[in-house]
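Everything on this sheet refers to the single structure shown next.
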Amino acid sequence: MNTLIISTFSCTFEEFKTDVSGFITAMSKEVVSEYEFVQAGEHKSHLFMNVIDMDALCTEMSSDEAREWDKKNNCKDTVYAIELVG
């Protein structure tokens, strides 16, 4: 499933990208097969992902580690399913 996550955060974009890439890599290719960050501002990111296992992604995003990281970095995520039109 093609997914877009729009995130706002208090850390820098580079810190966000590095840390979130680490979370995604730890999940394995069975959860997310590919992803790409787009910087939408110093404290905003658009993350495009091909999610293979949405349940596993949701479990990871709601883990204690992820919640602590979100709290520390004032991170708010909005998740969208993307569908090809045409």
Side-chain angles (χ1 to χ4, degrees):
M1 173 187 310
N2 290 317
T3 305
L4 166 65
I5 301 178
I6 298 177
S7 302
T8 58
F9 38 85
S10 58
C11 60
T12 67
F13 174 78
E14 288 305 318
E15 290 170 321
F16 175 83
K17 183 177 176 182
T18 297
D19 290 351
V20 173
S21 292
F23 281 121
I24 293 170
T25 301
M27 283 188 276
S28 84
K29 295 276 186 189
E30 283 113 32
V31 178
V32 175
S33 66
E34 58 186 310
Y35 62 96
E36 181 178 350
F37 289 91
V38 176
Q39 185 173 357
E42 184 56 32
H43 301 286
K44 188 172 185 178
S45 171
H46 296 178
L47 173 57
F48 296 93
M49 303 181 349
N50 183 32
V51 179
I52 297 166
D53 186 342
M54 186 58 78
D55 290 335
L57 177 66
C58 290
T59 298
E60 181 64 32
M61 288 181 71
S62 62
S63 71
D64 290 342
E65 182 181 8
R67 286 183 183 181
E68 184 61 32
W69 190 94
D70 287 348
K71 183 178 177 181
K72 176 183 170 191
N73 293 285
N74 196 30
C75 184
K76 306 289 184 221
D77 298 318
T78 305
V79 181
Y80 298 93
I82 301 175
E83 188 175 308
L84 180 63
V85 177

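Just so it is clear, the structure is predicted and the values come from calculations on it, not from any experiment.
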> Is a side-chain donor-acceptor pair under 3.5 Å present for Glu15 with Thr12?
Replying inline: yes
> With Glu30, which residues qualify under side chain to side chain donor-acceptor pair (under 3.5 Å), at least two apart?
Replying inline: Ser28
> According to the side chain to side chain donor-acceptor pair (under 3.5 Å) rule, which pairs have a member within residues 61-73, sequence neighbours left out?
Replying inline: Asp19-Trp69
> Within a radius of less than 6.0 Å around CE of Met1, do more than 12 heavy atoms belonging to other residues, nucleotides or ligands occur?
Replying inline: no
> Is a side-chain donor or acceptor of Ser33 paired with a backbone partner of Lys29 at a separation under 3.5 angstrom?
Replying inline: no
>> Tell me if a side-chain donor or acceptor on His43 pairs with a main-chain N or O of Phe9 at a distance below 3.5 Å.
In response: yes
> Is there a side-chain contact between Leu47 and Ile24 (heavy atoms, below 4.5 Å)?
Replying inline: yes
> Any side-chain heavy-atom pair from Asn2 and Asn50 closer than 4.5 angstrom?
Replying inline: yes
> Which is it for Ile6 and Lys76 under the side chain to side chain contact (heavy atoms under 4.5 Å, CB included) test, yes or no, and what are the steps along the way?
Replying inline: CA-CA 8 Å; Ile6 298 177; Lys76 306 289 184 221; over 6 Å; no
>> Between Ile52 and Val31, is the side chain to side chain contact (heavy atoms under 4.5 Å, CB included) condition met? List the steps.
In response: CA-CA 5 Å; Ile52 297 166; Val31 178; over 6 Å; no
>> Hydrophobic clusters here meaning ILVMFWY residues chained together by side-chain heavy-atom distances under 4.5 Å, can you tell me if Met61 and Met54 are in one?
In response: yes
>> Return the CD1 to OH distance between Ile5 and Tyr80, rounded to the nearest 0.5 Å.
In response: 11.5 Å
> Considering residues at least two apart in sequence or located in another chain, which fulfil the side chain to side chain contact (heavy atoms under 4.5 Å, CB included) criterion with Ser21?
Replying inline: Lys17, Tyr35, Phe37
>> Please give me the minimum heavy-atom distance between His46 and Leu4, naming the atom from each residue.
In response: CB-CD1, 3.9 Å
> Which heavy-atom pair separates Glu60 from Phe23 by the least distance, and what is that distance?
Replying inline: OE2-CD2, 3.7 Å
